[in-house]
Protein chains: 2
Amino acid sequence: MNADKIPDIIVGRLPVYLRALQRMADKGLKTTSSQELGEHVGISAAQIRKDISQFGEFGKQGTGYSIEFLTDKLRSILKVDRIWDVVVVGAGDMGHALANYQGFKDRGFHIVGIFDNNKEKVGGTIGNFTIEDTEIMVERIKAMGVKIAMLTVPAAAAQDVAEKLVQAGVRAILNYAPITLNVPNNVKVQYIDPSTHLQRMTFYL
Amino acid sequence: MNADKIPDIIVGRLPVYLRALQRMADKGLKTTSSQELGEHVGISAAQIRKDISQFGEFGKQGTGYSIEFLTDKLRSILKVDRIWDVVVVGAGDMGHALANYQGFKDRGFHIVGIFDNNKEKVGGTIGNFTIEDTEIMVERIKAMGVKIAMLTVPAAAAQDVAEKLVQAGVRAILNYAPITLNVPNNVKVQYIDPSTHLQRMTFYL
DNA sequence: CGGATTTTGTACAATTAGGTACAAGTGCTT
DNA sequence: AAGCACTTGTACCTAATTGTACAAAATCCG
(Lines give C-alpha, C1' and ligand atoms only; values in the text may rest on other atoms or scores of the structure.)
Protein backbone atom coordinates (compact mmCIF):
# COMPACT_ATOMS: atom_id res chain seq x y z
CA MET A 1 0.00 0.00 0.00
CA ASN A 2 1.40 3.31 -1.07
CA ALA A 3 0.06 5.96 1.31
CA ASP A 4 0.93 8.80 -1.02
CA LYS A 5 -1.36 7.47 -3.68
CA ILE A 6 -4.49 7.07 -1.57
CA PRO A 7 -6.91 9.96 -2.14
CA ASP A 8 -7.96 11.98 0.89
CA ILE A 9 -11.57 11.26 0.13
CA ILE A 10 -11.02 7.55 0.61
CA VAL A 11 -9.02 8.03 3.79
CA GLY A 12 -11.90 10.14 5.07
CA ARG A 13 -14.35 7.28 4.67
CA LEU A 14 -12.23 4.64 6.41
CA PRO A 15 -12.93 5.88 9.97
CA VAL A 16 -16.64 5.72 9.19
CA TYR A 17 -16.31 2.11 8.08
CA LEU A 18 -14.24 1.34 11.15
CA ARG A 19 -16.81 2.90 13.46
CA ALA A 20 -19.60 0.84 11.93
CA LEU A 21 -17.53 -2.36 12.11
CA GLN A 22 -16.79 -1.78 15.77
CA ARG A 23 -20.51 -1.42 16.45
CA MET A 24 -21.16 -4.68 14.61
CA ALA A 25 -18.46 -6.41 16.60
CA ASP A 26 -20.02 -5.08 19.82
CA LYS A 27 -23.27 -6.73 18.76
CA GLY A 28 -21.42 -10.03 18.43
CA LEU A 29 -21.48 -10.19 14.63
CA LYS A 30 -18.63 -12.04 12.94
CA THR A 31 -18.90 -11.22 9.25
CA THR A 32 -20.44 -8.59 7.03
CA SER A 33 -20.66 -7.72 3.35
CA SER A 34 -20.04 -4.54 1.41
CA GLN A 35 -23.80 -4.50 0.89
CA GLU A 36 -24.64 -4.62 4.59
CA LEU A 37 -21.87 -2.25 5.62
CA GLY A 38 -23.00 0.14 2.93
CA GLU A 39 -26.51 0.21 4.31
CA HIS A 40 -25.15 1.08 7.73
CA VAL A 41 -22.97 3.97 6.57
CA GLY A 42 -25.03 5.22 3.63
CA ILE A 43 -22.42 4.47 0.96
CA SER A 44 -22.77 2.21 -2.07
CA ALA A 45 -21.46 -1.34 -1.81
CA ALA A 46 -19.27 -0.89 -4.89
CA GLN A 47 -17.69 2.20 -3.37
CA ILE A 48 -16.86 0.36 -0.19
CA ARG A 49 -15.35 -2.59 -2.05
CA LYS A 50 -13.24 -0.27 -4.14
CA ASP A 51 -12.07 1.74 -1.13
CA ILE A 52 -11.06 -1.36 0.80
CA SER A 53 -9.40 -2.99 -2.19
CA GLN A 54 -6.94 -0.07 -2.31
CA PHE A 55 -5.17 -1.70 0.60
CA GLY A 56 -5.40 -5.40 -0.18
CA GLU A 57 -7.81 -8.25 -0.72
CA PHE A 58 -9.47 -8.51 2.66
CA GLY A 59 -12.75 -10.12 1.69
CA LYS A 60 -13.82 -13.54 0.61
CA GLN A 61 -16.19 -14.16 -2.28
CA GLY A 62 -19.48 -15.58 -1.18
CA THR A 63 -19.07 -14.69 2.50
CA GLY A 64 -17.84 -11.11 2.60
CA TYR A 65 -15.51 -9.69 5.22
CA SER A 66 -14.52 -10.98 8.64
CA ILE A 67 -15.40 -8.09 10.92
CA GLU A 68 -12.49 -8.72 13.25
CA PHE A 69 -10.01 -9.08 10.41
CA LEU A 70 -11.20 -5.99 8.55
CA THR A 71 -11.30 -3.98 11.77
CA ASP A 72 -7.68 -4.93 12.45
CA LYS A 73 -6.66 -3.99 8.92
CA LEU A 74 -8.41 -0.62 9.05
CA ARG A 75 -6.94 0.14 12.44
CA SER A 76 -3.52 -0.64 11.10
CA ILE A 77 -4.04 1.43 7.94
CA LEU A 78 -5.29 4.40 9.95
CA LYS A 79 -2.52 3.84 12.48
CA VAL A 80 -4.97 3.55 15.34
CA ASP A 81 -3.68 0.08 16.19
CA ARG A 82 -1.86 2.04 18.89
CA ILE A 83 -2.82 4.78 21.38
CA TRP A 84 -2.00 8.36 20.43
CA ASP A 85 -1.35 10.97 23.09
CA VAL A 86 -3.38 14.12 22.54
CA VAL A 87 -3.39 17.55 24.20
CA VAL A 88 -6.29 19.96 24.52
CA VAL A 89 -5.60 23.68 24.29
CA GLY A 90 -8.31 25.89 25.74
CA ALA A 91 -10.11 24.98 28.95
CA GLY A 92 -13.47 26.53 28.14
CA ASP A 93 -16.72 24.61 27.88
CA MET A 94 -15.55 22.74 24.80
CA GLY A 95 -12.22 21.86 26.39
CA HIS A 96 -14.14 20.51 29.39
CA ALA A 97 -16.44 18.46 27.18
CA LEU A 98 -13.49 16.92 25.34
CA ALA A 99 -11.58 16.23 28.55
CA ASN A 100 -14.57 14.38 29.99
CA TYR A 101 -15.50 12.58 26.77
CA GLN A 102 -15.29 8.81 27.09
CA GLY A 103 -15.33 8.15 23.36
CA PHE A 104 -11.62 8.52 22.69
CA LYS A 105 -10.14 5.56 24.47
CA ASP A 106 -11.65 2.85 22.29
CA ARG A 107 -10.75 4.71 19.13
CA GLY A 108 -7.02 5.16 19.60
CA PHE A 109 -6.62 8.38 21.57
CA HIS A 110 -5.63 9.39 25.08
CA ILE A 111 -5.66 12.93 26.43
CA VAL A 112 -2.45 13.69 28.31
CA GLY A 113 -2.74 17.39 29.03
CA ILE A 114 -4.92 20.50 29.00
CA PHE A 115 -3.58 24.01 28.60
CA ASP A 116 -5.04 27.49 29.00
CA ASN A 117 -3.54 30.97 29.11
CA ASN A 118 -5.97 32.23 31.75
CA LYS A 119 -3.98 32.37 35.00
CA GLU A 120 -7.17 31.92 37.00
CA LYS A 121 -7.86 28.61 35.32
CA VAL A 122 -4.28 27.33 35.47
CA GLY A 123 -3.89 24.92 38.37
CA GLY A 124 -7.59 24.09 38.36
CA THR A 125 -8.78 20.59 37.56
CA ILE A 126 -11.03 18.95 34.99
CA GLY A 127 -11.68 15.36 35.96
CA ASN A 128 -8.23 13.94 36.60
CA PHE A 129 -6.42 16.68 34.70
CA THR A 130 -4.73 19.75 36.07
CA ILE A 131 -4.94 22.72 33.72
CA GLU A 132 -1.44 23.83 32.74
CA ASP A 133 -0.21 27.23 31.60
CA THR A 134 0.08 27.81 27.86
CA GLU A 135 3.50 29.33 28.56
CA ILE A 136 4.96 25.90 29.28
CA MET A 137 2.94 24.20 26.55
CA VAL A 138 5.67 23.96 23.90
CA GLU A 139 8.22 22.43 26.22
CA ARG A 140 5.67 20.02 27.72
CA ILE A 141 4.50 18.85 24.29
CA LYS A 142 8.06 18.38 23.13
CA ALA A 143 8.93 16.46 26.28
CA MET A 144 5.96 14.14 25.86
CA GLY A 145 6.42 13.81 22.11
CA VAL A 146 2.76 14.59 21.47
CA LYS A 147 1.82 14.80 17.79
CA ILE A 148 -1.91 15.58 18.01
CA ALA A 149 -3.73 18.58 19.49
CA MET A 150 -7.31 19.70 19.84
CA LEU A 151 -7.70 23.45 19.69
CA THR A 152 -10.62 25.02 21.57
CA VAL A 153 -9.41 28.58 22.04
CA PRO A 154 -11.20 31.70 20.71
CA ALA A 155 -10.75 32.46 17.01
CA ALA A 156 -8.59 35.48 17.78
CA ALA A 157 -5.98 33.31 19.51
CA ALA A 158 -6.16 30.22 17.30
CA GLN A 159 -3.52 31.07 14.69
CA ASP A 160 -0.94 32.02 17.33
CA VAL A 161 -1.57 28.86 19.31
CA ALA A 162 -1.45 26.76 16.15
CA GLU A 163 1.98 28.14 15.35
CA LYS A 164 3.19 27.25 18.82
CA LEU A 165 1.80 23.75 18.41
CA VAL A 166 3.64 23.33 15.13
CA GLN A 167 6.80 24.61 16.74
CA ALA A 168 6.33 22.00 19.48
CA GLY A 169 6.18 19.24 16.89
CA VAL A 170 2.43 18.73 16.61
CA ARG A 171 1.49 17.28 13.21
CA ALA A 172 -2.30 17.05 13.44
CA ILE A 173 -4.71 19.67 14.77
CA LEU A 174 -8.41 19.25 15.39
CA ASN A 175 -9.52 22.86 15.23
CA TYR A 176 -12.71 23.92 17.00
CA ALA A 177 -11.99 27.63 16.49
CA PRO A 178 -14.09 29.20 13.71
CA ILE A 179 -11.16 30.22 11.55
CA THR A 180 -9.01 28.65 8.85
CA LEU A 181 -5.52 27.92 10.13
CA ASN A 182 -2.39 28.60 8.15
CA VAL A 183 0.09 25.80 8.84
CA PRO A 184 2.90 24.05 6.94
CA ASN A 185 2.02 21.34 4.44
CA ASN A 186 3.21 18.54 6.67
CA VAL A 187 0.68 19.47 9.36
CA LYS A 188 -2.90 18.25 8.95
CA VAL A 189 -5.91 20.18 10.18
CA GLN A 190 -9.49 19.07 10.58
CA TYR A 191 -12.19 21.64 11.22
CA ILE A 192 -15.14 21.41 13.56
CA ASP A 193 -17.32 24.51 13.59
CA PRO A 194 -20.98 23.92 14.38
CA SER A 195 -22.12 27.15 12.71
CA THR A 196 -20.34 26.22 9.50
CA HIS A 197 -21.86 22.76 9.58
CA LEU A 198 -25.32 24.19 10.18
CA GLN A 199 -24.91 26.64 7.31
CA ARG A 200 -24.14 23.74 5.00
CA MET A 201 -27.65 22.48 5.70
CA THR A 202 -29.72 25.67 5.72
CA PHE A 203 -29.05 25.99 1.99
CA TYR A 204 -31.34 23.02 1.47
CA LEU A 205 -34.14 24.11 3.80
CA MET B 1 -29.94 30.37 -9.27
CA ASN B 2 -31.20 26.84 -9.37
CA ALA B 3 -30.50 25.26 -5.98
CA ASP B 4 -30.94 21.73 -7.28
CA LYS B 5 -28.06 22.12 -9.65
CA ILE B 6 -25.46 23.37 -7.18
CA PRO B 7 -23.11 20.55 -6.13
CA ASP B 8 -22.88 19.79 -2.41
CA ILE B 9 -19.17 20.30 -2.51
CA ILE B 10 -19.62 23.93 -3.54
CA VAL B 11 -22.32 24.54 -0.95
CA GLY B 12 -19.92 23.15 1.62
CA ARG B 13 -17.31 25.77 0.83
CA LEU B 14 -19.64 28.76 0.97
CA PRO B 15 -19.85 28.91 4.78
CA VAL B 16 -16.06 28.94 4.89
CA TYR B 17 -15.95 31.90 2.51
CA LEU B 18 -18.63 33.63 4.53
CA ARG B 19 -16.74 33.11 7.76
CA ALA B 20 -13.58 34.60 6.30
CA LEU B 21 -15.48 37.55 4.83
CA GLN B 22 -17.09 38.29 8.16
CA ARG B 23 -13.65 38.37 9.78
CA MET B 24 -12.42 40.75 7.10
CA ALA B 25 -15.44 42.99 7.64
CA ASP B 26 -14.73 42.98 11.38
CA LYS B 27 -11.25 44.26 10.59
CA GLY B 28 -12.82 47.13 8.68
CA LEU B 29 -11.86 45.93 5.21
CA LYS B 30 -14.14 46.92 2.35
CA THR B 31 -13.05 44.83 -0.64
CA THR B 32 -11.16 41.64 -1.33
CA SER B 33 -10.14 39.51 -4.30
CA SER B 34 -10.45 35.83 -5.04
CA GLN B 35 -6.66 35.74 -4.62
CA GLU B 36 -6.72 37.24 -1.13
CA LEU B 37 -9.76 35.28 0.02
CA GLY B 38 -8.14 32.13 -1.29
CA GLU B 39 -5.06 32.72 0.81
CA HIS B 40 -7.24 33.08 3.89
CA VAL B 41 -9.21 29.90 3.38
CA GLY B 42 -6.59 27.76 1.65
CA ILE B 43 -8.48 27.36 -1.62
CA SER B 44 -7.31 28.37 -5.12
CA ALA B 45 -8.47 31.72 -6.46
CA ALA B 46 -9.91 30.10 -9.59
CA GLN B 47 -11.95 27.72 -7.46
CA ILE B 48 -13.41 30.57 -5.46
CA ARG B 49 -14.29 32.57 -8.55
CA LYS B 50 -15.98 29.59 -10.11
CA ASP B 51 -17.91 28.76 -6.94
CA ILE B 52 -19.17 32.30 -6.55
CA SER B 53 -20.02 32.67 -10.23
CA GLN B 54 -22.54 29.83 -9.85
CA PHE B 55 -24.85 32.33 -8.20
CA GLY B 56 -24.26 35.50 -10.21
CA GLU B 57 -21.63 38.03 -11.18
CA PHE B 58 -20.80 39.56 -7.82
CA GLY B 59 -17.29 40.83 -8.52
CA LYS B 60 -15.83 43.67 -10.49
CA GLN B 61 -12.83 43.30 -12.76
CA GLY B 62 -9.80 45.14 -11.48
CA THR B 63 -11.11 45.60 -7.94
CA GLY B 64 -12.53 42.27 -6.87
CA TYR B 65 -15.48 41.81 -4.53
CA SER B 66 -17.18 44.20 -2.14
CA ILE B 67 -16.98 42.38 1.18
CA GLU B 68 -20.32 43.67 2.38
CA PHE B 69 -22.06 42.89 -0.90
CA LEU B 70 -20.61 39.39 -1.18
CA THR B 71 -21.38 38.69 2.47
CA ASP B 72 -24.99 39.66 1.91
CA LYS B 73 -25.21 37.49 -1.17
CA LEU B 74 -23.71 34.46 0.56
CA ARG B 75 -25.97 34.91 3.56
CA SER B 76 -28.94 35.01 1.26
CA ILE B 77 -27.80 31.98 -0.72
CA LEU B 78 -27.19 29.99 2.46
CA LYS B 79 -30.46 31.29 3.90
CA VAL B 80 -28.72 32.69 6.96
CA ASP B 81 -30.01 36.17 6.20
CA ARG B 82 -32.49 35.24 8.91
CA ILE B 83 -32.29 33.60 12.36
CA TRP B 84 -33.02 29.89 12.61
CA ASP B 85 -34.38 28.38 15.78
CA VAL B 86 -32.42 25.32 16.89
CA VAL B 87 -32.94 22.73 19.61
CA VAL B 88 -30.31 20.71 21.46
CA VAL B 89 -31.10 17.13 22.42
CA GLY B 90 -28.88 15.71 25.14
CA ALA B 91 -27.84 17.78 28.15
CA GLY B 92 -24.45 16.20 28.75
CA ASP B 93 -21.14 18.02 28.57
CA MET B 94 -21.48 18.62 24.85
CA GLY B 95 -25.05 19.86 25.20
CA HIS B 96 -23.81 22.26 27.87
CA ALA B 97 -20.99 23.50 25.69
CA LEU B 98 -23.36 24.14 22.78
CA ALA B 99 -25.93 25.85 24.98
CA ASN B 100 -23.28 28.21 26.31
CA TYR B 101 -21.54 28.79 22.98
CA GLN B 102 -21.66 32.41 21.87
CA GLY B 103 -20.73 31.69 18.27
CA PHE B 104 -24.21 30.95 16.94
CA LYS B 105 -25.93 34.28 17.15
CA ASP B 106 -23.84 36.11 14.55
CA ARG B 107 -24.07 33.21 12.14
CA GLY B 108 -27.81 32.80 11.87
CA PHE B 109 -28.80 30.48 14.71
CA HIS B 110 -30.61 30.74 18.02
CA ILE B 111 -31.06 27.94 20.51
CA VAL B 112 -34.63 27.75 21.74
CA GLY B 113 -34.69 24.56 23.78
CA ILE B 114 -32.71 21.74 25.37
CA PHE B 115 -34.06 18.26 25.97
CA ASP B 116 -32.90 15.23 27.92
CA ASN B 117 -34.53 11.98 28.91
CA ASN B 118 -32.85 11.83 32.33
CA LYS B 119 -35.54 12.79 34.84
CA GLU B 120 -32.90 14.05 37.23
CA LYS B 121 -31.68 16.56 34.69
CA VAL B 122 -35.12 17.66 33.53
CA GLY B 123 -36.08 20.93 35.21
CA GLY B 124 -32.45 21.86 35.77
CA THR B 125 -30.94 24.89 34.06
CA ILE B 126 -28.08 25.60 31.66
CA GLY B 127 -27.52 29.33 31.42
CA ASN B 128 -30.97 30.72 30.69
CA PHE B 129 -32.40 27.42 29.53
CA THR B 130 -34.50 24.96 31.47
CA ILE B 131 -33.88 21.36 30.44
CA GLU B 132 -37.12 19.81 29.15
CA ASP B 133 -38.20 16.19 29.04
CA THR B 134 -37.62 14.29 25.80
CA GLU B 135 -41.17 12.98 26.19
CA ILE B 136 -42.61 16.38 25.28
CA MET B 137 -39.94 17.08 22.66
CA VAL B 138 -41.95 16.23 19.55
CA GLU B 139 -44.91 18.37 20.50
CA ARG B 140 -42.68 21.28 21.60
CA ILE B 141 -40.70 21.20 18.34
CA LYS B 142 -43.86 21.04 16.30
CA ALA B 143 -45.36 23.94 18.26
CA MET B 144 -42.27 26.09 17.74
CA GLY B 145 -41.84 25.03 14.11
CA VAL B 146 -38.17 24.23 14.68
CA LYS B 147 -36.40 22.77 11.63
CA ILE B 148 -32.87 22.28 12.98
CA ALA B 149 -31.58 20.10 15.81
CA MET B 150 -28.22 19.32 17.36
CA LEU B 151 -27.97 15.78 18.66
CA THR B 152 -25.63 15.11 21.60
CA VAL B 153 -27.07 11.91 23.03
CA PRO B 154 -25.16 8.60 23.36
CA ALA B 155 -24.76 6.56 20.18
CA ALA B 156 -27.18 3.91 21.45
CA ALA B 157 -30.01 6.45 21.62
CA ALA B 158 -29.19 8.54 18.56
CA GLN B 159 -31.20 6.70 15.90
CA ASP B 160 -34.35 6.66 18.01
CA VAL B 161 -34.07 10.34 18.82
CA ALA B 162 -33.36 11.16 15.18
CA GLU B 163 -36.57 9.43 14.17
CA LYS B 164 -38.51 11.46 16.71
CA LEU B 165 -36.92 14.64 15.40
CA VAL B 166 -37.92 13.78 11.86
CA GLN B 167 -41.43 13.02 13.05
CA ALA B 168 -41.49 16.46 14.70
CA GLY B 169 -40.63 18.10 11.40
CA VAL B 170 -36.89 18.65 11.83
CA ARG B 171 -35.14 18.83 8.46
CA ALA B 172 -31.49 19.30 9.47
CA ILE B 173 -29.57 17.43 12.16
CA LEU B 174 -26.09 18.20 13.43
CA ASN B 175 -25.15 14.83 14.85
CA TYR B 176 -22.50 14.60 17.57
CA ALA B 177 -23.23 10.93 18.26
CA PRO B 178 -20.62 8.56 16.80
CA ILE B 179 -23.00 6.72 14.52
CA THR B 180 -24.39 7.11 11.02
CA LEU B 181 -28.06 8.10 11.10
CA ASN B 182 -30.68 6.62 8.83
CA VAL B 183 -33.12 9.38 7.88
CA PRO B 184 -35.34 10.20 4.88
CA ASN B 185 -33.78 11.88 1.85
CA ASN B 186 -35.33 15.23 2.60
CA VAL B 187 -33.55 15.43 5.95
CA LYS B 188 -29.92 16.59 5.97
CA VAL B 189 -27.37 15.34 8.49
CA GLN B 190 -23.92 16.69 9.26
CA TYR B 191 -21.58 14.64 11.39
CA ILE B 192 -19.23 15.81 14.11
CA ASP B 193 -17.25 13.04 15.77
CA PRO B 194 -13.86 14.03 17.12
CA SER B 195 -12.50 10.47 17.04
CA THR B 196 -13.43 10.10 13.38
CA HIS B 197 -11.84 13.44 12.55
CA LEU B 198 -8.67 12.48 14.42
CA GLN B 199 -8.52 9.15 12.60
CA ARG B 200 -8.60 11.00 9.30
CA MET B 201 -5.31 12.56 10.29
CA THR B 202 -3.43 9.71 11.93
CA PHE B 203 -3.23 8.03 8.52
CA TYR B 204 -0.77 10.72 7.50
CA LEU B 205 1.38 10.65 10.66
C1' DC C 1 -4.58 60.70 -21.09
C1' DG C 2 -2.54 56.20 -22.07
C1' DG C 3 -0.05 52.31 -20.92
C1' DA C 4 0.67 49.08 -17.13
C1' DT C 5 -1.60 46.42 -13.67
C1' DT C 6 -5.20 44.01 -11.49
C1' DT C 7 -8.95 41.04 -11.47
C1' DT C 8 -13.16 38.74 -12.98
C1' DG C 9 -15.78 35.14 -15.40
C1' DT C 10 -15.53 31.41 -18.40
C1' DA C 11 -14.02 28.21 -22.21
C1' DC C 12 -11.40 24.35 -22.54
C1' DA C 13 -8.42 20.59 -20.83
C1' DA C 14 -7.02 17.43 -17.42
C1' DT C 15 -7.82 14.88 -13.53
C1' DT C 16 -10.45 12.55 -10.10
C1' DA C 17 -14.35 10.15 -8.36
C1' DG C 18 -18.19 7.19 -8.83
C1' DG C 19 -21.30 3.78 -11.26
C1' DT C 20 -22.02 -0.61 -13.96
C1' DA C 21 -21.28 -5.08 -14.93
C1' DC C 22 -19.31 -9.39 -14.64
C1' DA C 23 -15.90 -13.34 -14.15
C1' DA C 24 -14.72 -16.14 -10.66
C1' DG C 25 -14.55 -17.97 -5.94
C1' DT C 26 -17.22 -19.75 -1.89
C1' DG C 27 -20.56 -22.08 0.61
C1' DC C 28 -25.19 -23.98 1.05
C1' DT C 29 -28.85 -27.16 -0.19
C1' DT C 30 -30.71 -31.05 -1.89
C1' DA D 1 -22.02 -33.89 -6.57
C1' DA D 2 -24.30 -30.42 -9.00
C1' DG D 3 -26.78 -26.35 -9.07
C1' DC D 4 -27.92 -22.04 -6.85
C1' DA D 5 -27.24 -17.90 -4.27
C1' DC D 6 -24.02 -14.78 -2.65
C1' DT D 7 -20.13 -11.81 -2.80
C1' DT D 8 -15.60 -9.95 -4.00
C1' DG D 9 -12.33 -7.39 -6.88
C1' DT D 10 -11.73 -5.05 -11.02
C1' DA D 11 -12.15 -3.47 -15.94
C1' DC D 12 -14.52 -0.20 -18.23
C1' DC D 13 -17.38 3.74 -18.65
C1' DT D 14 -19.57 8.10 -17.15
C1' DA D 15 -19.94 12.04 -14.40
C1' DA D 16 -18.06 15.43 -11.47
C1' DT D 17 -14.43 18.33 -10.04
C1' DT D 18 -10.43 21.04 -10.54
C1' DG D 19 -6.76 23.42 -13.14
C1' DT D 20 -5.15 26.50 -17.02
C1' DA D 21 -5.40 30.31 -19.70
C1' DC D 22 -7.10 34.37 -21.48
C1' DA D 23 -10.34 38.11 -23.24
C1' DA D 24 -12.43 41.89 -21.32
C1' DA D 25 -13.27 45.31 -17.91
C1' DA D 26 -11.73 48.38 -14.25
C1' DT D 27 -8.35 51.00 -11.90
C1' DC D 28 -3.89 53.14 -11.07
C1' DC D 29 -0.06 56.12 -11.94
C1' DG D 30 2.88 59.15 -13.92
Side-chain angles (χ1 to χ4, degrees), chain A residues 1-17 20-21 24 29-74 77 185 200 203-204, chain B residues 1-14 16-17 20-21 24 29-74 77 185 200 203:
Chain A
M1 181 263 290
N2 188 341
D4 298 339
K5 299 254 170 77
I6 307 294
D8 282 5
I9 198 163
I10 292 182
V11 174
R13 285 190 290 257
L14 301 183
V16 177
Y17 302 160
L21 289 165
M24 290 179 184
L29 299 173
K30 298 300 179 193
T31 64
T32 189
S33 64
S34 58
Q35 176 73 36
E36 185 183 50
L37 182 53
E39 282 162 14
H40 277 80
V41 300
I43 292 175
S44 79
Q47 181 82 84
I48 290 175
R49 289 203 300 279
K50 214 181 304 189
D51 286 351
I52 292 172
S53 73
Q54 299 293 309
F55 304 95
E57 306 196 356
F58 301 152
K60 191 187 282 185
Q61 287 154 324
T63 53
Y65 300 93
S66 154
I67 289 173
E68 186 184 349
F69 182 74
L70 185 54
T71 297
D72 284 350
K73 286 294 184 185
L74 288 177
I77 291 162
N185 268 334
R200 283 181 185 178
F203 177 84
Y204 301 98
Chain B
M1 183 259 293
N2 188 341
D4 297 339
K5 300 252 170 78
I6 306 294
D8 282 5
I9 196 163
I10 292 183
V11 175
R13 285 189 291 257
L14 301 183
V16 178
Y17 302 160
L21 288 165
M24 289 179 185
L29 298 173
K30 298 300 178 193
T31 63
T32 189
S33 63
S34 58
Q35 176 74 37
E36 184 182 50
L37 182 54
E39 282 162 14
H40 277 80
V41 301
I43 293 175
S44 80
Q47 181 82 84
I48 289 175
R49 290 202 299 279
K50 213 181 304 189
D51 285 352
I52 293 173
S53 73
Q54 299 294 310
F55 305 95
E57 305 196 357
F58 300 152
K60 192 187 281 188
Q61 286 155 325
T63 51
Y65 300 92
S66 155
I67 289 172
E68 187 183 349
F69 182 76
L70 185 53
T71 298
D72 284 351
K73 286 295 184 185
L74 289 178
I77 291 162
N185 267 334
R200 283 180 185 178
F203 177 84

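Every chain is numbered from 1 and lettered A, B, ... according to where its sequence line falls, protein lines coming before strand lines.
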Practice task
Could you work out which one of D:dG9, C:dG19, C:dG27 sits closest to the side chain of A:Ser44?
Solution key: C:dG19

Exercise for the section: Map A:Asp8 and A:Ala46 onto DNA chain C by nearest heavy atom, then report which one ends up closer to the 5' terminus. Expected result: A:Asp8

Fill in the blank from the handout: Separation between OG (A:Ser44) and CD (A:Glu39), nearest 0.5 Å, reads 11.5 Å

Fill in the blank from the handout: Taken to the nearest 0.5 Å, the spacing of B:Ile48 CD1 from B:Leu14 CG works out to 10.5 Å

Problem - Short side-chain N/O contact to C:dG18 OP1/OP2 from A:Arg13, under 4.0 Å - result: yes

Exercise for the section: In whole angstrom, give the distance that lies between atom CD1 of A:Ile48 and atom P of C:dG19. Expected result: 11 Å

Problem - For B:Ile67 against B:Thr71, the heavy-atom pair lying closest together - result: O-OG1, 2.6 Å

Problem - d(CG, A:Leu37; C1', D:dC6) in whole Å - result: 17 Å

Practice task
Answer yes or no: does a side-chain N or O of A:Gln47 lie under 4.0 Å from OP1 or OP2 of C:dG18?
Solution key: yes

Completion exercise
d(A:Leu37 CG, A:Asp51 CG) to nearest 0.5 Å is 10.0 Å

Handout entry: Donor-acceptor pair present, A:Lys50 side chain and C:dG19 base, under 3.5 Å
Key = yes

Exercise for the section: Look at the side chain of A:Gln61 against the base of D:dT8 and say whether a donor-acceptor pair falls under 3.5 Å; ignore hydrogens and angles. Expected result: yes

Exercise for the section: Report the distance from atom CD of A:Glu57 to atom C1' of D:dT8, rounded to the nearest whole Å. Expected result: 9 Å

Problem - Whole-Å gap separating P (C:dG18) and CZ (A:Arg49) - result: 15 Å

Exercise for the section: Would you classify B:Ile9 as touching base, sugar-phosphate or nothing, given that sugar-phosphate means primed atoms plus P, OP1 and OP2, and contacts are heavy atoms under 4.0 Å? Expected result: sugar-phosphate

Practice task
Please state whether the phosphate of C:dT6, meaning OP1 or OP2, lies under 4.0 angstrom from any side-chain nitrogen or oxygen of B:Tyr65.
Solution key: no

Practice task
For A:Ser34 and for B:Thr63, find the nucleotide of DNA chain D with the closest heavy atom, then tell me which residue's nucleotide is more 5'.
Solution key: A:Ser34

Exercise for the section: Give the rounded distance in Å between these two atoms: CD of B:Glu36 and P of C:dT7. Expected result: 9 Å

Problem - Rounded interatomic separation in angstrom, taking CZ from A:Phe69 and C1' from D:dT7 - result: 17 Å

